[in-house]
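The shown structure was predicted, so the numbers you read here are calculated from the model rather than taken from an experiment. Residue numbers start from 1 in every chain, and the chains themselves are labelled A, B, ... in the order their sequence lines are given, proteins ahead of strands.
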Protein chains: 4
Amino acid sequence: MSPTPGAKGRAPHRRSEQARIAVLHAADDLLAERGFAAVTIEGIAARAGVAKQTIYRWWPSKVEVLLDTLIEDSEQALAVPDTGSAVEDARQYLHALASFITGDPAGKVLLALIGEAQHDEQMAGAFRTRYLEPRREAERAMLARGVAAGELSPDLDVDRALDELLGPIFYRALITGGPISRTFTDLVVFQVLG
Amino acid sequence: MSPTPGAKGRAPHRRSEQARIAVLHAADDLLAERGFAAVTIEGIAARAGVAKQTIYRWWPSKVEVLLDTLIEDSEQALAVPDTGSAVEDARQYLHALASFITGDPAGKVLLALIGEAQHDEQMAGAFRTRYLEPRREAERAMLARGVAAGELSPDLDVDRALDELLGPIFYRALITGGPISRTFTDLVVFQVLG
Amino acid sequence: MSPTPGAKGRAPHRRSEQARIAVLHAADDLLAERGFAAVTIEGIAARAGVAKQTIYRWWPSKVEVLLDTLIEDSEQALAVPDTGSAVEDARQYLHALASFITGDPAGKVLLALIGEAQHDEQMAGAFRTRYLEPRREAERAMLARGVAAGELSPDLDVDRALDELLGPIFYRALITGGPISRTFTDLVVFQVLG
Amino acid sequence: MSPTPGAKGRAPHRRSEQARIAVLHAADDLLAERGFAAVTIEGIAARAGVAKQTIYRWWPSKVEVLLDTLIEDSEQALAVPDTGSAVEDARQYLHALASFITGDPAGKVLLALIGEAQHDEQMAGAFRTRYLEPRREAERAMLARGVAAGELSPDLDVDRALDELLGPIFYRALITGGPISRTFTDLVVFQVLG
DNA sequence: GAATAACCGAGACGGTACGTCCAGTCTTGAA
DNA sequence: TTCAAGACTGGACGTACCGTCTCGGTTATTC
């Protein structure tokens with residue numbers, strides 16, 4: 001995250017914040033409007049009013065551009081809740097996740113990046129390091145709070161539980177394409193966390 | 001090439017089976033050896049000793065070539081078992097699935113196709129129609145046998161149970177990249193089917 | 001239309017003659033209209049209605065394209081004359097040469113290629129082999145006829161004489177930019193051949 | 001014009017002489033070592049340890065940098081001689097010229113600039129104004145001394161004679177690539193000046 | 001002796017063209 | 001008809017330089 005001070009800051013930074021934002025928006029918009037195939041470096045550059053070289057200077061590939069947009073977007077749209085009850089947190093979180101990946105344009109970015117990760121091991125590494133692991137940590141903390149509060153069994157295998165919670169949602173989103181209703185997510189939570 | 005006049009042989013100069021096999025093998029091998037990025041029509045044609053036109057004549061896209069290889073391969077390597085016990089069937093099936101997508105070259109094809117499906121809605125449709133749905137039907141039958149035998153609850157939501165069984169395995173394979181042990185798959189089965 | 005063997009090109013065309021001509025014309029026109037800096041592969045391709053790859057397939061560089069146009073053009077516009085008198089031949093040839101390089105668009109191609117040859121040793125080799133040497137041979141023959149006929153001294157050093165004839169014309173064209181009048185070329189011939 | 005380092009007293013603008021020298025040397029060296037294609041503003045700047053802006057501040061283009069190096073170098077290596085005999089002066093001068101353009105690294109600069117002048121009319125103007133015309137004046141004076149001394153015919157067309165002297169040397173250097181022996185230059189002088 | 005301003009290095013920026021790879025279409029000649 | 005071969009248009013790739021533009025740092029008079 002860039003240090004964004006108040007109005008202008010003294011920023012001796014050479015990098016143009018304006019160009020950075022324009023690139024992220026352009027990539028995002030292209031994916032939402034015309035699909036992943038339309039997300040090309042040339043297309044992003046043209047839409048952002050930016051030179052290709054500027055993109056290559058700051059991002060190793062177009063998927064890293066999308067990864068940046070995803071990280072910025074999902075911090076807002078997909079915060080891990082903390083209501084006091086771990087089960088309720090899980091219910092809310094899974095519902096928000098389902099909405100995100102089925103309805104939010106930024107959710108399409110997430111799915112596209114998971115798709116791309118299947119083709120590119122290096123990209124998969126960046127995805128896990130920069131997106132998945134920080135999020136996973138917050139998810140673990142969510143369940144750990146429940147264990148600490150006595151709401152969940154002390155024997156709970158947190159990592160397995162998380163895979164059992166998230167797996168079915170992503171299975172529908174990535175593979176079957178089926179709908180993911182609130183009922184479905186609630187029943188998954190009930191199944192896993194009792 | 002001997003056109004095997006043994007059976008009936010009404011049309012001797014039809015599609016070349018030799019070319020078909022060569023294309024499927026070439027695509028498979030390229031994916032296994034050099035990754036999805038190396039799977040190009042030109043690359044397949046060159047390795048198979050086949051003209052590009054021959055590929056375009058019989059397959060609408062390179063992913064359909066891979067889909068053909070997947071279907072042929074997974075019918076052998078990933079049959080739905082029928083031991084008499086639905087729970088045991090599920091345990092065996094999930095274990096075989098985990099081995100397939102983590103160890104078998106053909107499993108890499110499956111993951112690559114799921115990846116590609118995120119970028120291409122049309123391809124996703126073909127994947128579901130030709131690969132997923134027939135398999136899903138067999139999976140449903142597997143659980144239905146358990147319900148009919150009284151081994152599983154008559155209230156079991158078969159489709160949800162399947163997503164809960166398969167989701168965690170694919171979540172690890174597609175997203176976290178974590179290992180999928182026999183213990184893990186067994187515990188998932190226990191969690192979902194009791 | 002039925003492909004009557006006589007009407008159209010009966011050759012088993014691999015290479016497209018239409019594309020070849022379009023490329024040569026486009027390069028020529030770009031040089032004449034907008035100068036050497038405008039002769040780019042992309043510019044030629046765009047103007048010729050041809051893909052860049054088609055140019056790269058048949059020519060190693062843009063200067064070889066120009067070299068092809070030069071060879072075709074100068075065979076027509078700059079034939080070595082044969083009037084029966086070597087001195088008269090030389091007068092006519094030098095005058096034609098002066099007109100070619102100062103007035104004819106194809107002459108601009110010649111000067112541009114000589115310019116480029118200063119920067120690129122490989123190109124210089126191609127220029128000499130494909131353009132200069134065949135022409136030099138005809139020029140030598142022109143003077144040799146005069147020697148054989150007794151019109152020119154048997155002691156004449158033909159190669160030196162050619163350099164003394166052609167040098168001053170090219171010196172003006174390439175370096176001083178001065179005018180090259182008929183009087184000038186005639187006096188050069190008189191000086192060298194007496 | 002460059003400020004002469006000897007003139008002090010007034011406050012000339014604070015141009016860095018060190019940077020100026022470094023740029024000229026870098027351009028010269030790049031041309032000699034890696035050819036004209038390697039003479040880029042970025043390459044010069046990097047090798048000279050100078051900012052691109054510094055080059056743009058003082059030279060309108062990279063060829064003007066080379067022109068500066070040529071002028072400095074050729075004033076030393078290519079002075080018009082004055083022995084008392086115009087014919088002898090011409091013999092020495094043509095020989096020195098031949099050595100310069102075939103052997104001296106600075107001679108490569110001269111040929112490269114003549115080459116570039118074919119592509120860029122503006123550069124051709126600068127080349128003639130700053131390099132060629134001062135030199136031409138000295139060459140004219142060389143022959144004029146011979147005419148005044150009665151060594152050469154009072155009818156001699158000095159400009160034509162110069163083109164006939166220099167043309168053959170440059171023809172070989174620029175076009176045929178042939179060797180330029182002392183015998184050759186001497187015979188050219190004899191042919192033109194008798 | 002501080003302020004000022006041209007000069008310097010560094011390098012980001014919007015661009016153009018490079019030469020390559022591959023997509024998908026079309027044509028040829030043999031079997 | 002199919003097939004191997006491969007030329008064709010077209011689009012994107014990632015790279016190299018172009019010429020312009022700040023950004024701080026450095027001198028070296030000038031106030």
Under-3.5 Å donor-acceptor pair between A:Arg14 side chain and F:dC23 base: yes
Between P of F:dA4 and CD1 of B:Ile44, the distance in whole Å: 14 Å
What are the atom names and distances for every N/O pair under 3.5 Å that joins the protein to nucleotides 14-18 of chain E?
unit_1, atom_1, unit_2, atom_2, d
E:dG14, OP2, A:Ala51, N, 3.3
E:dG14, OP2, A:Thr54, OG1, 2.7
E:dC18, OP1, C:Ile41, N, 2.8
E:dC18, OP2, C:Ile41, N, 3.1
E:dC18, OP2, C:Glu42, N, 2.8

Qualifying residues under side chain to side chain contact (heavy atoms under 4.5 Å, CB included), relative to A:Ala48, sequence neighbours excluded: A:Ala22, A:Val23, A:Ala26, A:Val50
Separation of atom CZ in C:Arg15 from atom P in F:dG6, rounded to whole Å: 16 Å
B:Glu17 CD - F:dC3 C1' separation (whole Å): 15 Å
Counterpart residues, side chain to side chain contact (heavy atoms under 4.5 Å, CB included), relative to A:Gln122 (two or more places apart): A:Asp120
Residues that D:Arg128 engages under salt bridge (Lys or Arg N to Asp or Glu O under 4.0 Å), provided they are two or more places apart: D:Glu121
Rounded distance in Å - CZ (C:Arg20) to P (F:dC8): 12 Å
Nearest-Å distance for atom pair CD1/C1', residues B:Ile55 and F:dT2: 15 Å
Partner residues of D:Lys108 under the side chain to side chain contact (heavy atoms under 4.5 Å, CB included) criterion, sequence neighbours left out: none
Which residues share a side chain to side chain contact (heavy atoms under 4.5 Å, CB included) with A:Glu116, sequence neighbours left out: A:Phe36, A:Val63, A:His119, A:Met123, B:His119
Spacing of NZ belonging to C:Lys52 relative to CD1 belonging to C:Ile41, to within rounding of 0.5 Å: 8.5 Å
Degree of bending in the helix from E:dG1-F:dC31 to E:dA31-F:dT1 once both end axes are built from five pairs, to 10°: 10°
side-chain N/O C:Trp58 vs F:dC8 OP1/OP2, d < 4.0 Å: yes
Ring pair (Phe, Tyr, Trp, His ring centres under 6.0 Å) contacts in which one or both residues fall within residues 40-62 of chain A, not counting sequence neighbours: none
Whether over 12 other heavy atoms sit under 6.0 Å from C:Arg34 CZ: no
Set of salt bridge (Lys or Arg N to Asp or Glu O under 4.0 Å) partners for A:Arg130, sequence neighbours left out: A:Glu64, A:Asp68
Value in whole Å for how far the P atom of E:dC7 lies from CD of D:Gln18: 16 Å
